[in-house]
Amino acid sequence: RRYFTGSRHLKVPLCSLFAATNTIPNDEALVAVYDRFLLRAVSDNLDSFHFQGLMERGIRNEIAEASGSDASVRPLVHLNDIRVLQGRMDTLLRFPDDFLVRYKALVSQIRAEGVTLSDRRVVKLLKLFVANALMDGRLHVDESDFFILKHVWNSVDQVPLLSEIVEPVLERHYREHPDARRLDVGVADLDTLLAELGTIRNLLLGGESLSDVMLFSQLRNLQDIRAALQAIDTDTARRMVSEVDNLLEGVFESSRWNG
């Protein structure tokens, strides 16, 4: 919590730190700094069904920036609330024995696969499990919080490896707790997908002539929507997958698609 600049050092009331980089550090001199970032996430371009939301939010942000107003920003949680929770660590940082046993097994498996996970990060991650449970409205951790371990990679090629290790634990938890809210699905919600599907359907089945480029783009969007629905995997999502398949089949059989 101290920042050194020349011969001076400043006390910094740091709560959380987020950073972005175009290249992942591989310099030995930066290992200690990199280890301080408990979680890592890749930031790619948004999927096609997020495009409308991207444009709307981008326009709002541009207007707010031009006017010098940030009235549209609403915090998910206030810093004072976080400070209060930090003062209750003695009651919050309590874990069932079976949770710690499972955590130990996952850490051992992750390390055995060549993913470096320092003792420091192993301990600090406990606070993130608790924080995630609280954000989900739970006072106690459960195995759904282990999805956080999918983001402890040190290089991008370790992402699928961590998913293979953690995903079976999550799948078992949700089978045993079918009413639990799934926390690790990073796709659009059904309403967003349904709205995007309706827009594409109107374009493809309407009377307007589409160029080959436009047609190909919409077909690719349909494939993205189909993949997102399969990831959600609910009865409604499966019905929508069938609708996407019917729409794709209809387009390919129509005279509008020439190969």
Side-chain angles (χ1 to χ4, degrees), residues 18 20 22 41-77 132 135-137 144 147 150-151 156 159-160 163 167 170-171 174-175 177-259:
F18 301 84
N22 291 328
V42 177
S43 179
D44 291 322
N45 291 332
L46 290 179
D47 296 308
S48 58
F49 38 84
H50 288 100
F51 186 81
Q52 186 65 29
L54 171 66
M55 294 298 100
E56 293 173 355
R57 179 166 296 185
I59 291 171
R60 289 198 303 269
N61 289 345
E62 292 294 334
I63 293 174
E65 183 176 344
S67 63
S69 170
D70 61 353
S72 62
V73 177
R74 294 290 182 270
L76 293 175
V77 61
N132 189 73
M135 293 294 289
D136 191 43
S144 68
F147 88 89
K150 295 167 70 172
H151 300 281
V156 176
V159 173
S163 182
E167 198 64 38
L170 300 177
E171 292 298 337
Y174 289 116
R175 283 197 305 270
H177 304 83
D179 296 330
R181 184 172 70 92
R182 183 147 190 148
L183 303 175
D184 64 321
V185 177
V187 297
D189 57 71
L190 280 174
D191 289 340
T192 301
L193 294 172
L194 182 60
E196 181 69 11
L197 180 58
T199 300
I200 296 174
R201 184 195 299 109
N202 292 336
L203 280 172
L204 294 177
L205 301 182
E208 182 181 353
S209 178
L210 299 178
S211 67
D212 290 343
V213 173
M214 177 65 77
L215 183 58
F216 179 79
S217 175
Q218 297 309 316
L219 291 174
R220 185 173 58 186
N221 290 345
L222 281 177
Q223 294 290 355
D224 289 342
I225 291 175
R226 190 180 191 282
L229 291 170
Q230 288 179 318
I232 295 175
D233 195 30
T234 63
D235 290 340
T236 302
R238 284 190 285 272
R239 288 195 297 271
M240 289 175 64
V241 167
S242 298
E243 185 175 345
V244 171
D245 289 339
N246 292 335
L247 185 56
L248 285 168
E249 183 178 352
V251 171
F252 282 121
E253 290 179 352
S254 72
S255 58
R256 301 187 71 176
W257 178 256
N258 297 316

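Small disclaimer: the values here were computed from a predicted structure and weren't measured. The basis for the numbers below is simple: all heavy atoms, side chains too, and nothing from hydrogens, waters or symmetry mates.
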Hey, are the side chains of Leu170 and Lys150 touching, using non-hydrogen atoms and a 4.5 Å cut-off?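 Yes - at least one pair of side-chain heavy atoms lies under 4.5 Å apart.
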Tell me, with the steps shown, if Ile225 and Met240 meet side-chain contact (heavy atoms from CB on, under 4.5 Å). CA-CA 9 Å; Ile225 291 175; Met240 289 175 64; 5.7 Å; no
Going through the distances and angles, do Gln218 and Asn221 end up as a side-chain contact (heavy atoms from CB on, under 4.5 Å)? CA-CA 5 Å; Gln218 297 309 316; Asn221 290 345; 3.5 Å; yes
Locate the shortest heavy-atom distance separating Leu197 from Leu222; write the atom from each residue and the value.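 Heavy atoms of Leu197 and Leu222 come nearest at CD1-CD2, 3.6 Å.
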Closest approach of Arg226 to Asp245 (non-hydrogen atoms, all atoms of both residues):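 Closest approach of Arg226 to Asp245, heavy atoms only: NE-OD1, 2.6 Å.
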Carefully, step by step, assess Glu65 and Asn61 under the rule side-chain contact (heavy atoms from CB on, under 4.5 Å). CA-CA 6 Å; Glu65 183 176 344; Asn61 289 345; 6.0 Å; no
Checking Thr236 now: which residues fulfil side chain to side chain donor-acceptor pair (under 3.5 Å) with it, not counting sequence neighbours?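 Listed in chain order: Arg239.
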If you measure from CG on Asp224 to CG on Leu219, what distance do you get to the nearest 0.5 Å?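 Going from the CG atom of Asp224 to the CG atom of Leu219 covers 11.5 Å.
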Count the heavy atoms of every other residue, nucleotide or ligand shown that sit under 6.0 Å from CG of Asn246, and state whether that count exceeds 12.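 Result for CG/Asn246: enclosed.
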